[in-house]
Protein chains: 2
Amino acid sequence: MKRATIKDVAEAAGVSRAAVSKVLRNAYGLSDDMRTRVEAAMTALNYRPQTAARGLRGRTYTLGIVLPDMRNPFFPDILDGVISTLRSTSYEPLIGFRPSAEATEQHAIDTMLDHKIDGFLMVAPRLEEAYLTAVATSVPTVMIGRHDRDCGYDTVNNDDRTGARLAVEHLISLGHRDIAYFGLDPASAAPNNSTTRRLVGYRETMAAHGLADRISIFEGTHFRSDRYDEEVSRRILQSQPRPTAVFCWTDSVAFTLMAEAAKLGIRVPDDLSVIGYDNSRLAALPQLSLTSVDQAGHQLGSDAMKLLIERIEGRQTDQHIILPPHLDIKGSTGPVPARG
Amino acid sequence: MKRATIKDVAEAAGVSRAAVSKVLRNAYGLSDDMRTRVEAAMTALNYRPQTAARGLRGRTYTLGIVLPDMRNPFFPDILDGVISTLRSTSYEPLIGFRPSAEATEQHAIDTMLDHKIDGFLMVAPRLEEAYLTAVATSVPTVMIGRHDRDCGYDTVNNDDRTGARLAVEHLISLGHRDIAYFGLDPASAAPNNSTTRRLVGYRETMAAHGLADRISIFEGTHFRSDRYDEEVSRRILQSQPRPTAVFCWTDSVAFTLMAEAAKLGIRVPDDLSVIGYDNSRLAALPQLSLTSVDQAGHQLGSDAMKLLIERIEGRQTDQHIILPPHLDIKGSTGPVPARG
DNA sequence: CTGAAAGCGCTAACAT
DNA sequence: ATGTTAGCGCTTTCAG
């Protein structure tokens, strides 16, 4: 059975195509009687407007959600928030990822641009601000995980510096001094992105506690290859002197580190304390029990989506939301081990 | 700067729009000279065809990947395979999930249908076969995780009955007799889907080893609510007599079960052996070390994508691929505990 | 409040 | 081998 078009609905309801279109878009200037008749015809014919055709002239009512990958356990939390906000609207999400660890999110962005989506919500830590600004001039955009300003798009973040401070201070309070940071490769991360802010927070806090000379930064990355985090983990664990605690920019990296530690017979938290970021659900598994900075992914997602919809409805000025993080202390952090 | 259209390219290259369109589609009847000129113009103008407009007449070169959720760690493996096959083609993927645990994949399917995608690759265990067949008549479709036949779409699967047999026989060889199955709620799963097959394999193998009276089935589900698996886990762990081993339909459910066991002070594998299915990457984490049936998600994904492209290029007959599973024995299974 | 008509950017069938 | 033209299904002026 062929799909019904707007013409079919118009004929069935005995009105013009324009009238049907108005019902579709909830537009002004329509009698109740007409609306009812059209709606009846739409149901009867099981009509759905064809987005491709709508896109040619007007909106598609489709939003592009662009994420780096599907593996980071934090993203589902964001997506949950996105969807909870979307439910009360007539917008539909379409999701895209980087096609590989070496690629960027640009591919997904282009595909969605070609489909004429109405707005973007993205997590794209490695893309250049200039490029994003260009995208944002053609499509309303909100970013999570970047602290850019005057960029033409909204941003939603947690306070990454504070988050880092909470993590490092927790470790210091446990007696740790050799605290390393496991971050992103700066070459593949934009200056304003979350991990860079966490790095700053780490440096500041270390310095504030007289530990400037203990600062030790390892630049791993999700962006080079799938297995790169394992390599960096081993490098950390084999460095001399080995840090007694590691603050990781995201939970999944912390899991990898803990896995490599286990392989080397290094016990967590007895020999090594580990803190993650994001407090994803997996961190709560008793076997992992990862102390982690919680940045309320669900709320990041729902706030971001609210901003996006505002922007689509017409707001022009940039808006920036910063949420407070908190530390969720679990079993992966403990007192500094006695000197061997 | 406004986006260039096919008309702009045609003018810049001094040819007709039809010629440009032919270059785009690699169509027959074009001189080399012309093709070169058009390609030069496209690059110069930074031209990208607008998918929405293409869709109105022809193909969109976009494929819909429909998945139940983003949390099951098995799906990224499938996606990797999908993308590796896609790389050598001119198709782009767009991804959709169920909007909530209570909803179905139909929502995502409809959105993509509205966008006029050229083909579907889906994992949709709960949808009715009749509905899927209807979808497949309008768009080439291949399914992962269902063993439907004569349905108008291709299927790619591992041999779920064999996988279940491998798991149960492993447990039996370790001396277990009280082996439970943690499956999907049959009310929310189609009869031919993978989990149902695993259930059959479990039953058969138990019976074949004279353990028919020990068959014990717990029907959890990803489909009712987010936290339902925890509830079912507790029910399993508190049942009398408590099984000494549990075979779980998917890894993530096994993780939940292990987490609940830990909370109750039940040790794995000393007090309880656990086997998962999918052998996702997380299963390899030493802290989890989950014995699991490996079904090579990457290959499922790439095979499925190959079938889909064949279908788009014209194949009409249904094709069905079944891959052999193997058991990856790790630390979550051990000898049956001595009778208390 | 309603309908007629033009056109969005592309493809496909048809001429040349 | 190349160009012309008529739509695809919808939205959007603009008259009535």
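In what follows, every chain begins at residue 1, and chains take the letters A, B, ... in the order their sequences are listed. Given the structure is predicted, the values throughout are model-derived calculations rather than measurements.
The CZ atom of A/R35 sits 12 Å away from the C1' atom of C/dC1 (whole-angstrom rounding). Rounded to a whole Å, the CG atom of B/L56 is 12 Å from the P atom of D/dT11. Atom CZ of A/R3 and atom C1' of D/dC10 are 12 Å apart (whole Å). Look at CZ on B/R57: it is 8 Å from P on C/dA13, rounded to the nearest Å. Protein atom NZ of A/K7 is 16 Å distant from nucleotide atom P of D/dT11, rounded to whole Å. Protein atom CE of B/M34 is 8 Å distant from nucleotide atom C1' of D/dG3, rounded to whole Å. Rounded to whole Å, the distance from CZ on A/R25 to C1' on D/dG9 is 13 Å. Protein atom CZ of A/R48 is 15 Å distant from nucleotide atom C1' of D/dC10, rounded to whole Å.
Of the candidates D/dT2, C/dC10, D/dC10, D/dC10 carries the atom nearest the A/R54 side chain, counting heavy atoms from C-beta on. Taking only side-chain atoms of A/A18, from C-beta outward, the nucleotide of C/dT11, C/dG3, D/dG3 with the closest atom is C/dG3. Across C/dA4, C/dT2, C/dG9, the shortest atom-to-atom separation from the side chain of A/L30 is found for C/dT2. Comparing C/dT11, D/dG3, D/dC10 against the side chain of B/A19 picks out D/dG3 as the nearest. Distance from the side chain of B/Y28 is smallest for D/dA1 among the nucleotides D/dA1, C/dC1, D/dC10. Proximity note for A/R17 (side chain, C-beta onward) versus C/dG3, D/dC10, D/dT2: the nearest is D/dC10. Taking every side-chain heavy atom of B/S16 into account, D/dG3 is the closest of D/dG3, C/dC10, D/dC10.
Note on B/Y61: every side-chain N or O is 4.0 Å or more away from OP1 and OP2 of C/dT11. Residue A/S31 places at least one side-chain N or O closer than 4.0 Å to OP1 or OP2 of C/dT2. At the phosphate of C/dT11, OP1 or OP2 sits under 4.0 Å from a side-chain N or O atom of B/S21.
Within 4.0 Å of A/V20, counting heavy atoms only, lies no atom of the nucleic acid at all.
Ion pairing between a basic and an acidic side chain is recognised when a charged N comes within 4.0 Å of a carboxylate O; B/R146 and B/D148 show such pairing. Using a cutoff of 4.0 Å between basic side-chain nitrogens and carboxylate oxygens, B/R3 and A/D114 are scored as salt-bridged.
Using modelled atom types, no side-chain atom of A/D318 and backbone atom of A/D154 make a donor-acceptor pair closer than 3.5 Å. Side-chain atoms of A/R98 never come within 3.5 Å of backbone atoms of A/T104 as a donor-acceptor pair (strictly under, hydrogens ignored). A donor-acceptor contact shorter than 3.5 Å is absent between the side chain of B/R25 and the backbone of B/R59.
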